[in-house]
Visitor: 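Below are the structure tokens for one structure; questions will follow.
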Amino acid sequence: MADQQLTDLIAQALRACADAGTLPACEIEIALEQPPKPEMGDFSCNIALRMSGEAQMKPRDVAQAIIDALPACGLVDRCEIAGPGFINFHLSPTWLQDAVRDVLLLGERYGTSTAGAGTKVQVEFVSANPVGPLHVGNARGGPYGDAVANLLEAAGHEVEREYLLNDGPDNTQFVLFGASVQARVREILGREFEIPENGYRGEYVIDFARALLERHGAEKLGAIPNDPSGHDEMALLAEEVVVEHIRETLAMLGIEYQSWFSERKLFEAGTVGAKIEDLRRRGVVYEKDGALWLRTTDFGDEEDRVLVRSNGAKTYLMTDLAYVDDKLARGFDHCIYVWGPDHAAQVPSVKAGMAAAGVDPAVTEFIIHQIVRLTEGGEIVKMSKRAGKIVTLRQLIEEVGADVTRFFLLSRSVDAHLDFDLDLARKESEENPVYYVQYAHARISSILREARAKGLSTEDLHEADLSLLQHADEMRLMRWMADYPGEVLDAAMRRAPHRIAHLSRDLAATFHQFYGTCRVIDLEAPELSRARLALVSAARTVLANMLGLLGISAPETM
RNA sequence: GCGCCCGUAGCUCAGUGGAUUGAGAGCAACGGACUUCGGAUCCGUAGGUCGGAGGUUCGAAUCCUUCCGGGCGCGCCA
């Protein structure tokens, strides 16, 4: 693409200056931006200002040195120094036409790159405990993790989406859930029952108990002892049903995992045991009060952490360290964890634990998303899973639709709190931003249909004479096409799908403006019509590609 | 008390590894545009001391310090 070529040219010029001794060697990243006004050029670069300190030269002199060393090529028409020392580049006029042509030729591949080729990345997200339906509180990680995975794939990485099932035998919550299901099963069977203290009291536990009885029969379930080992057994049986439910709910949002990883496997495969032995050999653990502690303070944590409780149960940190080993053994170069804010405090412990175990913490990346709250009638909807007062993700999707759900959840920066206004989503779902974007896509589809109905070909549009596109609104659309691949890469590197959400709205607006001033189908001007058909077709492709990254449908009609 | 996140237009939010850039969008409000490709659209008006105060710089919504306000965490639970 043009911006990449230009960056390379500047880099060449810098090397030439360094070799000639006119400028010092420089490690500053070359960043291109758009000048404030179109007549100032197509790209500007601030490298001269940023280098002037180290070079001990005036910025404008640095800029001149770079310009003098710039290799000749067909891309750059001319360049000039502006303001305090910016270099403005005017490119040859065909570069925008080339961008449009690239969109038409590459289709859904336009915007992808090979920047991340050769790096295998895992994105683990949601990973809610398999102890009930997904609720709105853990809904955010789903679309976010999935969209980040999409972005990383677009950037050329090999990506795997994984859901970690916290179903370990030492997982207090999991076994407690088993006990709660056990109680409900006994209730249905007419036996004496008691829901454990702090157990799961929600109605949905009864539903799961019923489903279990249907699947396995009263005889088998009734024979399971009502003791800790029975609770564990019951939890494992219930897990199948719960996970099915979770999987279906996420599938409603278009989320498909390549891997569902059972924490229990870490115990059965001996990964946990091996990790403990390894840590002992390294001398980074000690016994205290009957528990096994890890010296995480030696590696930057605030206090030491327990790995094995005095009752023999392994802690979350213990299994997490074993889990990292398993991931790395599976060949991932980089492991992204998408966690809720309630887990933020664990990150330093896990990183310190990895360092203590001689594993480079940099292979992991923890992304903490902030909370989602539902508001209704101006009030925050209170939720408590154990008390059973929850709004499930499934209910939300059924109420406002998958596209609206995803777009709402993806529209905000992952760092920002998100209030999901139920009334607004329900009442005004037809005026949603997602609708605006989808409408642009449907409208272009309609234009292309109409063109064909009037006898204009929409085949081989990349051969159209794009030099006919000179209107300011046409130029803006073309510029949009040219900038798009860089935006995708940027969003991928920043793990910021919300940028794509905002950009999709911007492209839709740019198209709608163009539509207001430029008539596409004009049988009196077939060549111009063909060029404009090429342009809107390219715009449609990019809209569809953005919606694809977000996991939102791109309808031909609405 | 400590840690993390947030504070930008009436509301919901972008922009925050400094720079020719002077602060943007949607919704809501007000005024316009359909004999023409989808009006679920477009054009225009109005609306902000970028939470406050210092500091660094030629230049700060953006970086540093501090204070205020809101959220979330801080277990031998996960």
Side-chain angles (χ1 to χ4, degrees), chain A residues 29 31 33-37 40-41 44 46 48-50 59 81-88 127-129 131 166 168 170-174 176 198 263 288-293 302-303 305-317 319-320 340-348 368-371 373 408 411-421 424 428 430-433 435-436 438-440 442-451 453-454 456 494 496 498-499 501-503 505-506 508-509 511-523 529 532-533 536 557-558:
Chain A
E29 191 192 353
E33 47 191 48
Q34 236 181 110
K37 291 173 186 162
M40 300 171 88
S44 76
N46 65 1
L49 284 112
R50 299 181 62 180
I81 303 169
F86 291 89
I87 306 173
N88 285 349
S127 300
N129 282 350
V131 295
N166 287 110
D170 290 353
N171 182 323
T172 316
Q173 295 302 320
F174 185 64
L176 189 59
N198 296 324
E263 178 191 10
K288 190 180 90 179
D289 303 332
L292 187 70
W293 296 70
E302 287 180 351
E303 48 187 290
R305 307 289 171 177
V306 170
L307 291 176
V308 184
R309 296 198 268 151
S310 53
N311 68 0
K314 316 298 183 293
T315 62
Y316 182 94
L317 177 61
T319 51
D320 232 358
D342 50 338
H343 293 264
Q346 292 158 219
V347 173
I368 307 297
H369 70 253
Q370 295 302 314
I371 57 164
R373 296 183 305 190
F408 259 68
S411 292
R412 275 103 178 127
S413 159
V414 72
D415 291 331
H417 302 168
L418 170 55
D419 285 341
F420 198 116
D421 188 333
L424 196 73
E428 301 189 34
E430 287 201 343
E431 294 181 11
N432 233 288
Y435 187 72
Y436 180 85
Q438 289 179 320
Y439 179 68
R443 202 179 207 184
I444 297 172
S445 301
S446 173
I447 294 171
L448 294 170
R449 283 192 301 269
E450 182 70 14
K454 288 186 174 167
L456 293 173
R494 292 170 187 265
H498 76 280
R499 284 174 173 259
H502 284 268
L503 285 171
R505 187 161 228 302
D506 190 67
F511 162 72
H512 284 309
Q513 284 158 28
F514 155 84
Y515 181 87
T517 54
C518 299
R519 186 172 173 84
V520 177
I521 299 171
D522 181 356
L523 297 179
S529 290
R532 286 182 170 166
L533 284 170
V536 298
T557 62
M558 294 176 70

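Chain naming here is simple, since letters A, B, ... match the order of the sequence lines and numbering starts at 1 in each. Computed from a predicted structure; not experimentally measured. Just so you know, these numbers use all the heavy atoms, side chains as well, and skip hydrogens, waters and symmetry mates.
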Visitor: Dot-bracket for RNA chain B, please. Rules: Watson-Crick or G-U, both distances under 3.5 Å, ( ) within the strand, [ ] when a pair crosses earlier ones, | for another strand, . otherwise.
Guide: (((((((..((((..........)))).(((((.......))))).....(((((.......))))))))))))....
Visitor: Should the pair H502(A) and H498(A) be assigned to parallel (<30°), tilted (30 to 60°) or perpendicular (>60°) ring geometry?
Guide: perpendicular
Visitor: Mind checking if A442(A) touches a base, just sugar-phosphate, or nothing, with heavy atoms under 4.0 Å?
Guide: base
Visitor: Of the nucleotides C77(B), C13(B), U41(B), which has the atom closest to the H512(A) side chain?
Guide: U41(B)
Visitor: Among the candidates A78(B), G73(B), U36(B), find the nucleotide nearest to the side-chain atoms of A345(A).
Guide: G73(B)
Visitor: Taking any heavy-atom pair under 4.0 Å as a contact, classify D289(A): base, sugar-phosphate, or nothing.
Guide: base
Visitor: OP1 or OP2 of U16(B) sitting under 4.0 Å from any side-chain N/O of R499(A)?
Guide: yes
Visitor: What contact category does L49(A) fall into here, base, sugar-phosphate, or nothing, at under 4.0 angstrom with non-hydrogen atoms?
Guide: base
Visitor: According to a strict under-4.0 Å criterion, is Y515(A) in side-chain N/O contact with OP1 or OP2 of U36(B)?
Guide: no
Visitor: Give me, pair by pair, the N or O atoms of the protein and of nucleotides 1-9 of chain B that are less than 3.5 Å apart, along with how far apart they are.
Guide:
residue : atom : partner : partner atom : Å
C5(B)   : O2'  : D415(A) : O            : 2.4

Visitor: For a quick check of understanding: with a heavy-atom distance under 4.0 Å over all strands, which category does E263(A) fall into, base, sugar-phosphate or nothing?
Guide: nothing
Visitor: If you look at every strand shown and take non-hydrogen atoms under 4.0 Å, does Q346(A) touch a base, only sugar-phosphate, or nothing?
Guide: base
Visitor: Any base atoms under 4.0 Å from S446(A), or only sugar-phosphate, or nothing? Heavy atoms, all strands.
Guide: base
Visitor: Return the polar atom pairs (N/O with N/O) between nucleotides 31-33 of chain B and the protein under 3.5 Å, or none.
Guide:
none

Visitor: Can you find an N or O donor on one side and an acceptor on the other, under 3.5 Å apart, linking the side chain of S411(A) with the base of C13(B)?
Guide: no
